[in-house]
Amino acid sequence: MLFFMRASRLPSILTTLQAKGHVTAQALADECEVSLRTIYRDVDALSAAGIPVYSVQGSNGGYRLLDGYRVRLNGLSSTEADALFLAGLTRQAADLGMGAVAASARAKLVAALPEAMRSGAMKARFHFDAPAWFAEPETLDILPAIADAVWNQHPIRMQYQSRTTDEERRVEPLGVVLKGGAWYLVAQVHNDIRTFRISRIGKMTVLDGRFEYPMAFNLEAYWTESIRRYEADLHPNRAEVRLSPRGLDLMEELLPPYIRTGAVISEQADARGWKQVSVSVGSIAHAAMDLLRFGRELEVIGPPELRAEMTHVIGALADIYKC
């Protein structure tokens with residue numbers, strides 16, 4: 001977590017110098033709760049980044065910013081300032097071990113904004129709850145360590161339990177993704193890019209040394225393509241069904257976006273308003289379970305094996321509930 005701690009300290013030193021003008025190294029060390037040596041290194045890092053901070057010699061020595069230098073957020077409109085508060089999810093930042101850093105960043109952002117933009121109206125009117133309905137959010141003890149390894153390009157040795165295997169792997173972590181309340185690690189294994197659900201990682205060790213991050217890799221593009229490929233792999237077949245007017249409305253609620261987007265709905269309706277629809281489905285067993293959620297608002301036309309499976313399941317249910 002050293003990266004996150006320093007990332008929080010450097011802006012803190014900068015804003016302290018701006019607010020107080022002249023500050024001793026010891027005062028900065030006390031405020032940041034670090035050693036004098038750490039403050040010396042941090043000030044050197046600020047100078048290397050082009051910040052005009054210089055030392056003042058003598059008994060009252062310390063550091064100060066070049067006269068006239070100010071940390072400002074210029075050109076922000078009110079709506080742009082509000083939008084910045086939408087960029088972080090508080091709970092998820094805490095899961096990554098960055099809760100204090102995120103809170104500090106928000107406080108500094110508020111301090112740097114003009115008075116007219118500090119109302120907090122955006123926070124008061126918008127709240128983000130990332131996990132899906134009826135799902136518990138994952139809070140994982142190893143997540144901060146994984147995030148730190150991603151930032152610092154340290155390889156990881158981990159025990160991973162998939163649906164079929166339980167084995168030790170050495171991976172090079174490239175990114176962390178939050179999807180529907182679940183955390184995923186995207187990592188390079190040899191020359192292949194793989195996705196691992198973090199809740200399935202058992203023992204984990206962050207290894208010494210650094211790996212070379214692949215310059216051509218783009219996490220967002222990889223994840224978007226992975227979702228598309230995963231959805232297509234789960235639904236390789238087609239089913240022909242008839243839907244009532246209510247069944248057509250239920251598509252929005254009962255079918256995921258990928259299925260709805262690829263559905264082909266006939267223009268013609270019968271005398272009762274039913275329409276024929278072609279939809280992507282998975283295996284025969286999974287397709288039957290998914291389509292049974294429509295109840296009496298759907299009839300399977302084909303393929304024949306899916307219609308037979310629907311008949312079998314409905315018959316078994318009738319036997320269970322027979323009076």
Side-chain angles (χ1 to χ4, degrees), residues 1 3-4 87-99 101-102 128-207 210-214 216-236 254-259 261 280-283 285-287 289-290:
M1 299 309 295
F3 174 88
F4 298 140
L89 297 174
T90 303
R91 168 65 182 267
Q92 286 67 40
D95 288 345
L96 287 168
M98 298 178 66
V101 178
F128 295 92
D129 187 5
W133 283 102
F134 312 114
E136 287 292 326
E138 293 182 343
T139 300
L140 307 164
D141 293 339
I142 63 173
L143 187 55
I146 290 177
D148 196 61
V150 170
W151 274 115
N152 293 292
Q153 296 172 226
H154 292 310
I156 289 173
R157 189 177 303 283
M158 65 185 189
Q159 193 74 24
Y160 188 75
Q161 184 174 7
S162 67
R163 290 186 177 88
T164 56
T165 62
D166 184 358
E167 59 185 6
E168 187 176 83
R169 304 166 183 255
R170 181 192 180 279
V171 304
E172 296 173 347
L174 303 180
V176 173
V177 175
L178 175 65
K179 173 71 172 177
W183 290 96
Y184 296 88
L185 169 66
V186 176
Q188 187 166 255
V189 185
H190 303 300
N191 293 320
D192 192 20
I193 307 295
R194 303 282 299 278
T195 300
F196 303 93
R197 184 158 179 170
I198 293 178
S199 62
R200 293 180 182 158
I201 297 176
K203 295 179 181 178
M204 187 203 75
T205 304
V206 178
L207 304 176
R210 286 166 57 90
F211 64 89
E212 179 130 4
Y213 199 92
F217 178 72
N218 181 293
L219 180 61
E220 182 179 359
Y222 166 83
W223 188 256
T224 300
E225 175 59 22
S226 294
I227 293 174
R228 186 203 64 77
R229 195 167 56 245
Y230 178 70
E231 290 176 332
D233 290 346
L234 282 181
H235 305 91
L254 299 180
L255 296 181
Y258 169 80
I259 304 299
T261 301
S280 296
V281 294
S283 67
H286 280 97
M289 292 300 178
D290 286 341

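Positions are given from 1 along the sequence. The structure displayed is predicted, hence computed values, not measured ones.
Here R170 pairs with E172 in a salt bridge; the nearest charged N to carboxylate O distance falls below 4.0 Å. Under a 4.0 Å N-O distance rule, the pair R169/E167 qualifies as a salt bridge.
The shortest heavy-atom contact between A187 and P173 is CB-CA, 4.0 Å. Here the closest non-hydrogen pair linking I259 and S280 is CD1-O, 3.5 Å. In terms of heavy atoms, Q188 sits closest to I193 at OE1-CD1, 3.9 Å. The nearest pair of heavy atoms linking L185 to I198 is N-CG1, 3.7 Å.
For Y184 and F196, the ring centers are positioned 6.0 Å apart or more.
Between the side chains of T195 and Y230, no donor-acceptor pair of N or O atoms lies under 3.5 Å.
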For this session: Report the C-alpha separation of I146 and W183 in whole Å, then their side-chain angles, then the decisive distance to 0.1 Å, and conclude whether the side chain to side chain contact (heavy atoms under 4.5 Å, CB included) test is met.
Result: CA-CA 11 Å; I146 290 177; W183 290 96; over 6 Å; no
Exercise. Between D166 and Q159, does a side chain to side chain contact (heavy atoms under 4.5 Å, CB included) hold up when you go through it step by step?
Worked result: CA-CA 7 Å; D166 184 358; Q159 193 74 24; 3.3 Å; yes
Problem set entry | side chain to side chain contact (heavy atoms under 4.5 Å, CB included) assessment of N152 paired with V206 | CA-CA 11 Å; N152 293 292; V206 178; over 6 Å; no
For this session: Using the side chain to side chain contact (heavy atoms under 4.5 Å, CB included) rule, take D290 and V281 through it: C-alpha gap first, then chi angles, then the decisive distance, then the call.
Result: CA-CA 9 Å; D290 286 341; V281 294; over 6 Å; no
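Side-chain N or O atoms of H286 include none that pairs as donor or acceptor with a backbone N or O of G282 at under 3.5 Å. For the pair D148 (side chain) and P144 (backbone), a donor-acceptor distance under 3.5 Å is absent. Counting only distance, with no hydrogens or angles, the side chain of N218 and the backbone of E220 share a donor-acceptor pair below 3.5 Å. Panel note: side chain Q153, backbone F211; a donor-acceptor pair is recorded below 3.5 Å.
Side-chain contact between L219 and L174 is absent, with no heavy-atom pair separated by less than 4.5 Å.
With values rounded to the nearest 0.5 angstrom, D233 atom CG is found 8.5 Å from R228 atom CZ. M158 CE to I201 CD1: the interatomic distance, rounded to the nearest 0.5 Å, is 4.5 Å.
Screening R197, M204, K203 for a side-chain contact (heavy atoms from CB on, under 4.5 Å) with Y160, the sole residue that qualifies is R197.
The salt bridge (charged side-chain N to carboxylate O under 4.0 Å, His left out) contacts involving residues 173-194 comprise nothing, where partners must be two or more places apart or lie in separate chains.
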